[in-house]
Amino acid sequence: MGKKILLEHAEVPGIQGYEVYREKGGYRSVEKALKTMSAEQVVEEVKTSGVRGRGGAGFPAGMKWSFLAKPEGVPRYLVCNADESEPGTFKDRYLMSKIPHLLIEGMITASYALGANTSYIYIRGEYYYLIGILEKAIEEAYANGWLGKNILGTDFSHDLYVHPGAGAYICGEETALLESLEGKRGNPRMKPPFPAVKGLYDCPTVVNNVETIAAVVPIINDGGEAYANIGIGRSTGTKLISASGHIKKPGVYEVEMGLPVEEFIYSDEYCGGILNDKKLKAVVAGGSSVPILPADLILTTANGEPRLMSYESLSDGGFQTGTMLGSGGFIVMDETTNIAKNLYNFTRFYHHESCGQCSPCREGTAWMEKILHKVLAGKGSMEDIDLLWDIQTKIDGNTICPLGEAASWPVASAIRHFRQDFEELVKNPAGLDETRYYYHCNNINPEVA
Amino acid sequence: MSTEEIKFSEESLALVKKTIAKYPEGRQKSALLPILHLAQAEFDGWLSVPVMDYVASLLDIQPIEVYEVASFYSMFNLKPVGKCILEVCHTSSCWLRGADDIVDHISNKLNIKVGETTADGMFTLKTVECLGSCGSAPMLMCGSQYHEHLTFEKVDGLIDNLRNENKRTTYLDEVKVENY
Amino acid sequence: MAKVIIDGIEVEVEDGTTILQAARSIGGEVTPPAMCYYTKLEGSGGYCRTCLVEVSKGSEKDPRPMPKLVPSCRTMVQDGMEVKNTTSERALEARKGVVEMLLVNHPLDCPVCDQAGECDLQDLSYDHGGYNTRSEFERRTFEKQDIGDKIQLHMTRCILCYRCVKVADQITDGRVHGVINRGDAAEISTYIKNAVDNDFSGNMIDVCPVGALTDKTFRFKSRVWFTKPMLAHRDCDKCSGKTTIWFKGDDVLRVTGRKDEWNEVEEFICNTCRFDKKKVSDWTIEGPKEVSRSSVISANKYKNLEKPKEFKLNDIKRLDS
Ligand SMILES: Cc1cc2nc3c(=O)[nH]c(=O)nc-3n(C[C@H](O)[C@H](O)[C@H](O)COP(=O)(O)O)c2cc1C
Ligand code: SF4
Ligand code: FES
Ligand code: FES
């Protein structure tokens, strides 16, 4: 049994409510931080823990916190990124619905460390029903003195609000998220300035993923040192993995960093093996944006070492033979899957989600989808595969925000590792109805009164 | 609706006030997304121009600022829709587990294509991108409720239920989440 | 002050200057093309990505090269920075890609477009592109739209530079047009039928780098290269009254702001000067306006760009009618 520090109590009946959560040791981190530690000490502890951002980029959280600008007389904000829209990722939803107080507690402790008197949880609009759960938890926290004025009699006051999105993957990108929180279109901002200097309402702001903020609770409770002892190397602690696709037991698993990928896929404790005992063909290990890997390369690195669930091991081999841990969205595909068809699905996604500000992404994502659409409809040629490759190089690295890369890498890796799947479709079309599913966003349904 | 004056109920107006208060002075535009959600739920499931203009006046911003935002986000409908929108996820994990078949099944059963509404105005069929329920694929969302691990039988049952209830579903409907 | 080297040429500029402005102060080849940046519009730039350059040395203090190409219009110089524009294979290749992207949906209607001859996209594709795109898919099209009685919006040609939105935000009050929808469905629009009606709204036409916003009082009266630009001024209570007026024979065909060598207006002008003063007697003529932009005078280049094979005769009819 792997070590659980976030989901330890997730199955306890009634843990959604304040009483049970508190009984199980809830809100200890707030007590400890506010009563016995300075804000700087909390930041230090998080630095010591080595915890890295769980939203996808893996940037060390303590380091990010220490970059926060602190100009006199200007408010600072903490914003929790609960937009969770990366295909294959559903861990934040799981955490928030199972054990909402863990996030609220983390928000309070983190806000204390950052000197933020107001914080927001930006949650994707499709999770509207979760807002009720979170707001109930927040209400209970206020009622029990964990939020509001002069918390625990100290001079730290804090207000916490939940803010809904309305359907836009791009609002998971931190600056687009801030725009959206300000009531605007989710157009990513140009950096610099970074949010740590000019974020929400032009004030210094830290944006962190749900899981990152939740991890602050055990880090403060047990110390950064103890957290750093879990995991492997620079991948400290545990990671929530969302497992889906062709596996026997899809779901959210808390794994200790360093768990062998093979064990994760085949052990009954986790995914339980491939559905219908088929053969494993490919895995997207960290959400749709990371490079897809064929079975042999996901189980072992190019050097023949077992691949582990950690930032370093998954990226071993770079883009040639490796991938990334990303958000931990682990999508498994069996031998019957045509990777080019799956890629069409991904490119459609990125086309649909491009904000449209910058030309390479706006035009390029649409173009790539059209080409794959054509290939699936049986009108493709071998040159189309090369064209696709070339377009992705023209987007990669040349856009305002990383959605450009997120759209390029799946294309590059699919062609790199599964060119034969494209060629097969060129020779034997998938029979896609060319008109099917093709419409944009919210201008649906022209006639009905 | 078009002939009546557009105005939120007292209850909603109170909620609007409470929502605006979440943001600092002068930052009332921040409340735009939650208030558009509220407006869509209250005014027939979509955002007409008069409704958007009304929201602009509530927040003291230009109407174009509302149009820009409403047209950006995929949860806002800018055209009339059926009472129940069946939003089937068709992204990778759901696709791997048969989302296309679910879409076809609904499409055949209701005799509408994706993006269309049944003649009785009851159902609209929409395909959407990953809703964060990949581990329970295939899935669809109707109002605020997730329907997961879908089979044809489950879908049939759901459609029957919705038809019997004959109520508009909205994203703001309360959901009981007993076991996640 | 900061010393910067761009394509091997050293220049000293104020701190806080962008790479693009530093390059412009050198002038000539080393200046990256800019389709969305506009000096007088705050927060402009960063969208089109045509001005991407390589920073091979970050600064004296931190000499590491920047890993990605950067938009020169939004990146500040640092003392000791070294920039490669035309000397960077990577930057040129990326720019070619950007030009191709901008043309993926851009109609090839130059022969009937008002902007032909003074179009930044025409110049850009001539100088940096492969003339055409490899995309075989149908281009997106929109109906032409009158936004008021003086300005026409032809969204089909728009490259989404956001300049006109910034004009409306920054020099007029009560913006009524903006960007709606998202991704490649994004468009400049008023959403509802609405007139852009404001003393300074006409400046949207001057800042538009392509032929998406055009002066209805000028449309199709003449090709640009048959008209003769003259510097002129008048007493105006709304703006400086300093303009360029465009003659054909003795007629004033149109009035625009005075554009500098980067095709940016020196001063914004009011709608009265632009739309209502079309008599020679309205103006004091100062003399001929030098046009430094190459394409206006060089109809030859323009011919190169015209690729009639993609162009059907009935398209011309439709656009003209
Ligand atoms: C296109 C795009 C989508 C993103 N979506 C999310 C998301 O849904 N949730 C998230 O936490 N981070 C997302 N991120 C990463 C955020 O920009 C940001 O790095 C993160 O919220 C920082 O928190 P962390 O350091 O705790 O991971 C996304 C980034 C990009 C470029
Ligand atoms: S890369 Fe795509 S999503 Fe990001 S700013 Fe550019 S157009 Fe928008
Ligand atoms: S892929 Fe369908 S919910 Fe994620
Ligand atoms: S001019 Fe720099 S990005 Fe457009």
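As the structure is a prediction and not an experimental result, all values here were calculated from the model. To find a chain, count down the sequence lines: A is the first, B the second, and so on, and within it residues start at 1.
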| field | Lys/Arg cation over aromatic Phe319(A): Arg416(A), 6.0 Å, 45° cone | value | no
Is any side-chain N of the basic residue among [X] and [Y] closer than 4.0 Å to the acidic one's carboxylate O?
X: Glu264(C); Y: Arg24(C); result: yes
X: Asp206(C); Y: Arg163(C); result: no
X: Asp384(A); Y: Lys379(A); result: no
X: Lys193(C); Y: Glu143(C); result: no

Could you tell me which portion of [X] (side chain, backbone, both or neither) has an atom closer than 4.5 angstrom to a non-hydrogen atom of chain C?
X: Thr393(A); answer: neither
X: Asp396(A); answer: neither
X: Glu405(A); answer: side chain
X: Ile400(A); answer: both
X: Ile170(A); answer: neither

| remark: When the 4.5 angstrom heavy-atom criterion is applied to Val179(C) and chain A, the contacting part is both
